[in-house]
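These notes are about the structure you will find just below.
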Protein chains: 4
Amino acid sequence: MEKKTKLKILMVAEEVFAEKGFHAAKMDEIAERAGIAKGTIYLYFKSKEQLFFQTIEFMIRGMIDTIKEKISTLNDPLDRLKEGISSYFHYITRHKQIFFMILNEEIASSGKGHSKKHKMKHIELYRQSQEFIMRLMKECIDEGYLKPINPLWLSSALTGLLQKMVINSVVFDIDIAPDEMSSIATELFLNGAMSEKEEQQ
Amino acid sequence: MEKKTKLKILMVAEEVFAEKGFHAAKMDEIAERAGIAKGTIYLYFKSKEQLFFQTIEFMIRGMIDTIKEKISTLNDPLDRLKEGISSYFHYITRHKQIFFMILNEEIASSGKGHSKKHKMKHIELYRQSQEFIMRLMKECIDEGYLKPINPLWLSSALTGLLQKMVINSVVFDIDIAPDEMSSIATELFLNGAMSEKEEQQ
Amino acid sequence: MEKKTKLKILMVAEEVFAEKGFHAAKMDEIAERAGIAKGTIYLYFKSKEQLFFQTIEFMIRGMIDTIKEKISTLNDPLDRLKEGISSYFHYITRHKQIFFMILNEEIASSGKGHSKKHKMKHIELYRQSQEFIMRLMKECIDEGYLKPINPLWLSSALTGLLQKMVINSVVFDIDIAPDEMSSIATELFLNGAMSEKEEQQ
Amino acid sequence: MEKKTKLKILMVAEEVFAEKGFHAAKMDEIAERAGIAKGTIYLYFKSKEQLFFQTIEFMIRGMIDTIKEKISTLNDPLDRLKEGISSYFHYITRHKQIFFMILNEEIASSGKGHSKKHKMKHIELYRQSQEFIMRLMKECIDEGYLKPINPLWLSSALTGLLQKMVINSVVFDIDIAPDEMSSIATELFLNGAMSEKEEQQ
DNA sequence: GATGAATGAGCATTCATTCAT
DNA sequence: CATGAATGAATGCTCATTCAT
């Protein structure tokens with residue numbers, strides 16, 4: 001099997017699923033954009049659902065790997081966390097589409113029209129990505145950098161915050177550099193929104 | 001008389017869209033659950049897309065009204081914000097489905113298979129809900145309670161954090177009372193994740 | 001549900017399935033010949049397979065009922081058998097197509113590409129038609145008209161003989177009246193092919 | 001060398017067509033079971049339809065040759081006929097699949113989705129097999145063993161009877177030795193179903 | 001000869017929408 | 001107002017056939 005064709009399909013599928021969502025994405029369009037015949041997709045993926053799953057898998061692994069690599073040279077957990085935030089931002093900003101798709105799937109997992117089997121796979125994948133962030137959190141807690149709050153809530157707070165910032169920058173049409181968003185996000189996540197004066201009261 | 005039928009359709013549509021998402025939701029099912037004939041829906045709504053839009057509108061207005069009412073007796077902006085967080089949590093916990101649907105639509109707005117006209121309406125609706133939160137933020141900034149950060153990022157941080165916590169409590173199957181989530185979320189949003197020792201360094 | 005539409009579909013499906021066989025028959029053609037839209041078929045039948053099954057069922061019941069009615073006025077088992085043979089011939093000559101379809105299915109039952117569930121239903125239907133003939137045989141055996149051979153083999157011999165005569169009259173393009181075929185078949189079935197001279201030896 | 005591949009394909013095609021029927025049989029499966037690439041089939045057979053035709057031809061010739069050989073040592077037409085029946089039974093019992101396929105095709109010939117050209121070839125082939133049986137009949141008639149009935153009806157009666165007995169032994173799940181079936185069939189074909197007492201009346 | 005990746009016409013099925021009653 | 005039978009465009013998927021290697 002031609003690795004190149006399969007890869008091409010995955011890349012295009014990423015685009016189309018991201019733009020349209022699962023149901024509105026058409027196999028015809030994926031094939032056309034990939035410059036292949038519709039039937040060819042089915043040589044590599046058993047069904048639309050499986051293509052969807054593998055696309056997401058491909059992207060989440062890509063995201064985790066990218067972040068892992070970026071933080072691999074750092075030792076201090078807080079530095080690792082900050083770099084993680086920054087690189088997460090760069091990744092989802094550059095791959096907004098992927099990110100929309102994955103985020104969409106988080107929700108879809110919670111109910112929509114997929115088979116049980118795939119739904120479980122999706123949730124499992126999503127968990128993996130969350131657990132990766134949770135590990136970063138745990139390191140920071142253990143070293144005393146972060147408050148001893150359940151890492152699930154810490155990572156929920158962080159990823160929710162990051163994702164919503166990207167969504168809103170799109171929806172409200174704000175032109176802001178990833179680096180600036182990253183530093184605002186880091187500040188908000190670590191120190192909170194309350195003004196220091198208030199805090200000292 | 002007719003008001004009742006229209007309302008019934010909206011209530012059922014909320015359920016079905018929430019459970020299945022836009023494309024997977026079927027007019028047949030909505031009609032059946034509402035106990036009316038399929039054709040009847042078209043007496044009140046021009047198309048599936050319009051029904052969808054009006055359903056979301058109905059729900060977002062409901063959410064805003066609920067929160068508005070809850071905070072209407074409070075004067076201090078920080079109290080209003082805290083109560084807003086708490087009541088937002090109760091609302092989206094009690095109406096998880098609605099909330100998933102709306103969140104889903106935020107993403108969908110960014111690209112999916114809706115007509116331009118409706119896409120813009122959706123975004124507008126979404127903006128209204130965000131702007132309501134932004135106003136709460138602005139009050140707090142003006143009074144010096146919150147850091148003078150763009151209210152858009154503040155409200156992004158808050159709503160992202162709240163939504164992701166609810167999503168993850170479902171995905172990771174955590175049983176936690178809304179009140180407890182609310183206080184964790186408030187603490188994280190206002191004071192951040194960093195431990196106080198670190199902060200004092 | 002309009003009984004008329006369902007009946008029309010069954011009538012046309014009978015024709016098309018008979019002419020083309022299960023796989024080669026197209027839902028498009030059935031719809032077109034019935035003068036309805038393709039989707040309409042699915043209001044009355046869940047799938048092509050179910051339509052096929054119900055068509056066969058409809059036809060076998062029709063055949064049995066026709067024969068039953070014809071022999072209902074006769075009391076002597078041998079007369080009933082002879083009339084059964086004659087009316088069977090008239091039926092399958094007039095409804096050659098139905099008959100080809102049913103015969104095709106007998107074979108298909110033994111292996112082809114249908115779901116287990118339907119395969120069993122088909123066999124069951126086929127059995128019913130055979131068992132009806134077997135009962136006619138049993139009556140004749142009990143009255144001493146026929147040799148005490150397992151009625152299954154007797155009915156196999158009779159129906160096989162009748163069917164093959166019709167097939168071959170078509171394949172070899174022989175123009176022969178049903179009544180004549182019927183009397184040849186009756187003679188062969190009852191008295192055998194051996195010449196009387198030989199027999200007396 | 002090439003002969004071997006072609007033969008292998010024919011053998012496997014026999015199996016697959018027999019199990020699935022023409023339309024449900026897949027070139028992929030034939031290739032896979034034959035242990036060759038799909039394209040290779042097209043080096044030896046122009047199309048699926050031609051492969052099908054040649055497969056049937058191969059089988060009918062095999063059947064005729066088998067019977068011919070078995071009766072080649074016998075001189076008396078009645079003995080030849082009896083041995084023909086017996087050997088036909090053994091053949092179609094041992095190669096039930098082949099037999100189902102051929103029988104299926106008899107029907108298919110009468111209408112299904114094959115091109116005119118091939119349809120005629122199929123009928124021609126079928127005729128050959130029937131004519132072989134008819135010659136056995138004719139010999140017997142000429143010698144006064146059988147009634148002077150059109151050999152076409154005689155062979156129809158015989159082959160119809162034999163085939164239906166095999167079908168029903170499968171459908172009704174009867175375990176019976178070919179020899180026993182053969183003797184019942186012979187008795188029924190030659191002497192008929194009517195009891196002797198009745199006959200003598 | 002042999003391969004198997006690629007093709008694309010073809011088909012079953014779905015479902016939003018319409019309209020005669 | 002309400003119905004629900006009918007529509008038909010749209011789409012996922014199959015599989016015989018081709019052809020560059």
Side-chain angles (χ1 to χ4, degrees), chain A residues 1-6 9 23-32 34-51, chain B residues 1-2 4-6 22-32 34-52 113, chain C residues 1-6 9 23-32 34-51, chain D residues 1-2 5-6 22-32 34-52:
Chain A
M1 295 274 166
E2 299 294 305
K3 204 106 201 206
K4 252 168 100 175
T5 306
K6 185 168 186 176
I9 295 171
H23 281 98
K26 307 302 168 201
M27 296 303 264
D28 277 281
E29 185 173 358
I30 293 173
E32 199 195 25
I36 57 171
K38 195 178 5 180
T40 306
I41 299 177
Y42 288 87
L43 294 178
Y44 297 94
F45 304 91
K46 225 186 64 195
S47 68
K48 187 186 181 184
E49 205 168 32
Q50 198 172 97
L51 171 60
Chain B
M1 273 299 123
E2 322 86 30
K4 240 168 111 182
T5 305
K6 185 167 186 178
F22 179 75
H23 281 97
K26 310 300 170 203
M27 296 301 264
D28 280 276
E29 189 174 354
I30 293 172
E32 198 195 22
I36 57 171
K38 200 179 1 178
T40 306
I41 298 178
Y42 287 85
L43 295 177
Y44 297 95
F45 304 92
K46 219 188 66 194
S47 69
K48 187 186 180 185
E49 208 166 30
Q50 196 173 97
L51 170 60
F52 187 43
Chain C
M1 295 275 167
E2 297 295 304
K3 204 106 200 204
K4 252 170 101 175
T5 306
K6 184 169 187 176
I9 295 172
H23 281 98
K26 307 303 168 200
M27 296 301 266
D28 277 281
E29 186 172 358
I30 294 173
E32 199 195 26
I36 57 170
K38 198 177 2 178
T40 305
I41 299 176
Y42 289 86
L43 293 178
Y44 298 93
F45 305 91
K46 223 187 64 195
S47 67
K48 187 184 180 184
E49 204 168 33
Q50 198 173 98
L51 171 60
Chain D
M1 272 302 123
E2 320 86 31
T5 305
K6 185 167 187 178
F22 178 75
H23 280 97
K26 309 300 169 203
M27 297 301 265
D28 280 276
E29 188 173 356
I30 294 173
E32 198 196 22
I36 57 171
K38 199 176 7 174
T40 306
I41 298 178
Y42 287 85
L43 294 178
Y44 297 97
F45 305 91
K46 220 188 64 194
S47 67
K48 186 186 181 185
E49 207 166 31
Q50 197 174 94
L51 170 60
F52 186 44

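Order of the sequence lines fixes the chain letters, A, B, ..., with proteins taken first and strands second; residue numbering starts at 1 for each chain. Just so you know, these numbers use all the heavy atoms, side chains as well, and skip hydrogens, waters and symmetry mates.
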For [N] and [X] - does any side-chain N or O of the residue sit under 4.0 Å from the phosphate oxygens OP1/OP2?
X: D/Tyr42; N: F/dC19; result: no
X: B/Ser47; N: E/dA16; result: no
X: C/Thr5; N: F/dA6; result: yes

Note to self: To check you understand the geometry: which heavy-atom pair defines the closest contact between D/Ala24 and C/His23, and what is its length?
What the structure shows: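 Here D/Ala24 and C/His23 meet closest at CB-CE1, 3.7 Å.
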Notebook entry, point to check: Which base, if any, makes a Watson-Crick or G-U wobble pair with F/dT21, both distances under 3.5 Å?
Noted result: E/dA2
Item checked: Identified pairing partner of F/dG8, criterion: Watson-Crick or G-U wobble below 3.5 Å -> E/dC15
Check: For the base of E/dT7, is there a side-chain donor-acceptor partner from A/Lys38 under 3.5 Å away?
Finding: no
Measure from [atom1] on [X] to [atom2] on [N] and round the result to the nearest Å.
X: D/Leu51; N: F/dA16; atom1: CG; atom2: P; value: 11 Å
X: A/Lys46; N: F/dC13; atom1: NZ; atom2: P; value: 10 Å
X: C/Glu32; N: F/dG8; atom1: CD; atom2: C1'; value: 13 Å
X: B/Met27; N: E/dT18; atom1: CE; atom2: C1'; value: 12 Å
X: B/Glu49; N: E/dT17; atom1: CD; atom2: P; value: 9 Å
X: D/Gln50; N: F/dA16; atom1: CD; atom2: C1'; value: 14 Å
X: A/Tyr44; N: F/dG12; atom1: OH; atom2: P; value: 20 Å
X: A/Ile30; N: F/dT11; atom1: CD1; atom2: C1'; value: 12 Å

Next item on the list: For D/Ala25, answer base if it contacts any base atom (sugar-phosphate contacts may also be present), sugar-phosphate if it contacts only those atoms, and nothing otherwise; contact means non-hydrogen atoms under 4.0 Å.
Entry: sugar-phosphate
Notebook entry, point to check: Reckon C/Lys26 touches a base, only the sugar-phosphate, or nothing at all at heavy-atom distances under 4.0 Å?
Noted result: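 Sugar-phosphate, no base atom in range.
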Next item on the list: From the options F/dG12, F/dA10, E/dA6, select the nucleotide whose nearest atom is closest to the side chain of A/Asp28.
Entry: F/dG12
Next item on the list: Please work out which of the three classes, parallel, tilted or perpendicular, describes the rings of D/Phe22 and D/Phe52, given edges at 30° and 60°.
Entry: tilted
Checklist line | First encountered from the 5' end of DNA chain F, between A/Lys48 and C/Ile36 | finding: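 Closer to the 5' end of DNA chain F: C/Ile36.
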Check: Does C/Ile41 or D/Gly39 map to a spot on DNA chain F nearer the 5' end, using the closest nucleotide for each?
Finding: C/Ile41
Next item on the list: Measure the spacing between OG1 of C/Thr5 and CD1 of C/Ile41 and express it to the nearest 0.5 Å.
Entry: 11.5 Å
Check: Any sub-3.5 Å donor-acceptor pair from A/Lys6's side-chain atoms to A/Phe45's backbone N or O?
Finding: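 No.
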Notebook entry, point to check: So, the side chain of D/Lys46 versus the backbone of D/Leu43: is there a donor-acceptor pair under 3.5 Å, distance only?
Noted result: no
